[in-house]
S.K.: 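Encoded as structure tokens, here's the structure I'll be asking about.
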Amino acid sequence: MAYHTLRQEYMLMPPVTRAYTTVCLLTSIAVQLDVVSPFQLYFNPLLITQKFEIWRLLTPFFFFGTFSFNFLFNMIFTYRYCRMLEEGSFRGRTADFVYMFIFGCITTVICAWFVNLLFLGHSLTTMFVYIWARRNPYVRMNFFGLLPFRAPYLPWVLVAFSVLLGNSVLVDILGIAIGHLYFFLEDVFPNQPGGRRLLATPRLLYATILHSQKKHRRSVKRFTVSFLFPP
């Protein structure tokens with residue numbers, strides 16, 4: 001019963017969040033089991049341009065380290081805020097959510113080309129947190145039950161927490177900057193006099209996501225039927 005409940009919860013997760021967190025978890029498991037090495041995953045512009053190791057444009061977003069407190073902390077934040085965005089301000093707008101993902105990844109890669117960053121998933125998570133926080137400005141929060149504050153301060157609380165842990169804040173600042181750029185282009189500039197939406201989702205992406213959603217709904221329906229009426 002526990003297995004079926006866990007599987008049901010997994011299948012009912014929003015599709016983009018489920019796909020991304022699953023790939024991140026499987027990547028860390030593969031590294032933990034020595035199936036792959038972090039040296040095969042990290043971002044390296046020279047290896048990308050000279051050795052044509054194109055996969056390094058994607059794999060730095062999937063590895064959050066081997067199993068540790070930092071890994072658990074990052075995965076919880078990634079899952080939580082990715083899901084809250086997908087089920088909140090992007091509800092019914094999966095194509096727009098995927099386009100936000102694409103924008104975040106491309107912008108992060110461009111920035112990482114000029115600074116010394118090896119893994120980029122933490123910056124992407126910070127972008128999720130920043131966008132969610134700016135779109136929910138009146139939500140009251142607290143940090144480990146000690147520090148009450150409103151949602152827009154959450155990214156900066158995480159920067160302070162990184163300092164306390166002795167981690168580099170460059171990845172947090174980069175994520176905040178990219179999140180702010182997306183928020184400005186998507187939520188602020190279109191509402192200004194003479195402004196317009198510069199990040200309009202391509203129609204091809206809408207068509208692709210619509211086709212994927214139909215397949216996802218059929219798979220969820222089949223799973224629900226098999227769960228309620230096992231053979």
S.K.: Show, in sequence, the C-alpha distance, side-chain angles and deciding distance for Val171 and Thr126, and conclude whether the side chain to side chain contact (heavy atoms under 4.5 Å, CB included) test is met.
M.R.: CA-CA 8 Å; Val171 290; Thr126 307; over 6 Å; no
S.K.: Can you get from Ile131 to Tyr138 by hopping between Ile, Leu, Val, Met, Phe, Trp and Tyr side chains that sit under 4.5 Å apart?
M.R.: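 No, separate clusters.
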S.K.: Treating Ile, Leu, Val, Met, Phe, Trp and Tyr as nodes and any side-chain heavy-atom pair under 4.5 angstrom as an edge, say whether Leu33 and Leu72 lie in one connected cluster.
M.R.: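 In one cluster with Leu33: Leu72, no.
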S.K.: Are the side chain of Trp55 and the backbone of Gln40 linked by a donor-acceptor contact shorter than 3.5 Å?
M.R.: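 Here the side-chain-to-backbone pair exists.
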S.K.: For atom CZ of Arg56, decide whether the heavy atoms of other residues, nucleotides or ligands shown that lie under 6.0 angstrom number more than 12.
M.R.: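 More than 12 heavy atoms, drawn from other residues, nucleotides or ligands, come within 6.0 Å of this atom.
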S.K.: Does the plane of the ring in Phe183 sit parallel, tilted or perpendicular to the ring in His180? Use 30° and 60° as the thresholds.
M.R.: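 It falls in the tilted class, 30° to 60°.
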S.K.: Once you measure the plane-to-plane angle for Phe73 and Phe161, does it fall in the parallel (<30°), tilted (30-60°) or perpendicular (>60°) bin?
M.R.: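 The arrangement is tilted - the two ring planes meet at 30° to 60°.
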S.K.: Under 4.5 Å between side-chain heavy atoms, counting indirect links through other Ile/Leu/Val/Met/Phe/Trp/Tyr residues: same cluster for Val157 and Ile76 or not?
M.R.: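 No.
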S.K.: Identify the two heavy atoms, one from Leu25 and one from Met75, that lie closest to each other, and give their separation to 0.1 Å.
M.R.: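 Shortest heavy-atom contact: N-CE, 4.4 Å.
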S.K.: How far apart are the closest heavy atoms of Asn136 and Pro152, and which atoms are they?
M.R.: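 It is O-CD, 4.4 Å.
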S.K.: Among Phe63, Phe119, Trp113, which one satisfies ring pair (Phe, Tyr, Trp, His ring centres under 6.0 Å) with Phe43?
M.R.: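 Checked Phe63, Phe119, Trp113 against Phe43; only one passes ring pair (Phe, Tyr, Trp, His ring centres under 6.0 Å): Trp113.
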S.K.: Would a line drawn from the ring center of Tyr99 to the ring center of Phe103 be shorter than 6.0 Å?
M.R.: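 For Tyr99 and Phe103, the ring centres are not under 6.0 Å apart.
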S.K.: Could you check Phe101 against Phe128 for ring-ring contact (aromatic ring centres under 6.0 Å, His included), going step by step and ending with a plain yes or no?
M.R.: CA-CA 9 Å; Phe101 244 97; Phe128 297 154; 5.1 Å; yes
S.K.: If you measure from the Lys or Arg side-chain nitrogens to the Asp or Glu carboxylate oxygens, is any gap between Glu186 and Arg197 under 4.0 Å?
M.R.: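 Salt bridge flag = yes for Arg197 with Glu186.
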S.K.: Between Arg18 (side chain) and Met13 (backbone), is there a donor-acceptor pair under 3.5 Å?
M.R.: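 Yes, the answer is positive, given that a donor and an acceptor are paired below the 3.5 Å cut-off.
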S.K.: What about Leu120 and Leu46, same hydrophobic cluster or not, with Ile/Leu/Val/Met/Phe/Trp/Tyr joined at side-chain heavy-atom distances under 4.5 Å?
M.R.: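 Different clusters.
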S.K.: Can you tell if the side chain of Asp172 reaches within under 4.5 Å of the side chain of Pro155, non-hydrogen atoms only?
M.R.: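 Not touching, per the 4.5 Å side-chain cut-off.
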S.K.: Give the minimum heavy-atom separation between Arg83 and Leu12, together with the two atoms involved.
M.R.: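 Looking at all heavy atoms of both residues, the closest pair is NH2-O, 4.2 Å.
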S.K.: Can Phe64 be reached from Val36 by stepping across I, L, V, M, F, W or Y side chains whose heavy atoms are under 4.5 Å apart?
M.R.: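 In one cluster: yes.
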S.K.: Grab the two heavy atoms, one from Glu87 and one from Pro14, that are nearest each other, plus how far apart they are.
M.R.: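 Looking at all heavy atoms of both residues, the closest pair is OE2-CD, 3.4 Å.
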S.K.: In Å and rounded to the nearest 0.5 Å, what is the CD1 to CZ distance from Ile209 to Arg93?
M.R.: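 Reported to 0.5 Å precision, the distance equals 13.0 Å.
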S.K.: Below 4.5 Å, heavy atoms only, C-beta onward: do Arg80 and Phe77 meet side chain to side chain?
M.R.: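 Arg80 vs Phe77: side chains apart.
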S.K.: Find out whether Arg150 and Arg140 are in side-chain contact, i.e. whether some heavy atom of one side chain is under 4.5 Å from a heavy atom of the other.
M.R.: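 Yes, close enough: below the 4.5 Å cut-off.
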S.K.: Using every non-hydrogen atom in the two residues, find where Ala95 and Leu205 come nearest and quote the distance to one decimal.
M.R.: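 Residues Ala95 and Leu205, closest heavy atoms: O-CD2, 3.6 Å.
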S.K.: Side chains of Thr66 and Phe71, heavy atoms from C-beta outward: is any pair under 4.5 Å?
M.R.: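 Not touching, per the 4.5 Å side-chain cut-off.
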S.K.: Are any of the side-chain nitrogens in Asp187 or Arg135 under 4.0 Å away from the carboxylate oxygens of its partner?
M.R.: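 Between Arg135 and Asp187 there is a salt bridge, with a charged N closer than 4.0 Å to a carboxylate O.
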S.K.: Hey, what do you get for CZ (Phe62) to CG (Leu124), rounding to the nearest 0.5 Å?
M.R.: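 The distance works out to 9.5 Å.
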S.K.: Measure the OG-OH distance between Ser37 and Tyr42 for me, rounded to the nearest 0.5 Å.
M.R.: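 It comes to 9.5 Å.
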S.K.: Aromatic rings Phe90 and Phe97: how do their planes relate, parallel, tilted or perpendicular, breaks at 30° and 60°?
M.R.: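 Taking Phe97 first and then Phe90, their aromatic rings sit tilted (interplane angle of 30° to 60°).
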S.K.: Which value, rounded to the nearest 0.5 Å, describes the distance between Leu158 atom CG and Trp156 atom CH2?
M.R.: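 Going from the CG atom of Leu158 to the CH2 atom of Trp156 covers 11.0 Å.
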S.K.: Please test Tyr79 against Tyr20 for side chain to side chain contact (heavy atoms under 4.5 Å, CB included), starting from the C-alpha separation and ending with a verdict.
M.R.: CA-CA 9 Å; Tyr79 166 77; Tyr20 182 59; over 6 Å; no
S.K.: How many angstroms lie between atom OG of Ser123 and atom CD1 of Ile178, to the nearest 0.5 angstrom?
M.R.: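 Ser123 OG to Ile178 CD1: 6.5 Å, rounded to 0.5 Å.
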S.K.: Do any N or O atoms from the side chain of Thr59 and from the backbone of Leu41 form a donor-acceptor pair under 3.5 angstrom?
M.R.: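 Such a contact is found between Thr59 side chain and Leu41 backbone.
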S.K.: Looking at Val16, Thr201, Leu85, which one forms a side-chain contact (heavy atoms from CB on, under 4.5 Å) with Met100?
M.R.: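 The residue from Val16, Thr201, Leu85 that satisfies side-chain contact (heavy atoms from CB on, under 4.5 Å) with Met100 turns out to be Leu85.
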S.K.: So, taking the atom named CD1 in Ile176 and the one named CG in Leu154, what distance separates them when rounded to the nearest 0.5 Å?
M.R.: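 If we round to the nearest 0.5 Å, Ile176:CD1 and Leu154:CG are 9.0 Å apart.
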S.K.: Which heavy atom of Phe52 sits nearest to which heavy atom of Thr49, and what is that distance?
M.R.: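 Closest approach of Phe52 to Thr49, heavy atoms only: CE2-O, 3.9 Å.
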S.K.: Under a 4.5 Å cut-off applied to non-hydrogen side-chain atoms, are Phe61 and Thr108 in contact?
M.R.: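 Yes, at least one pair of side-chain atoms sits under 4.5 Å.
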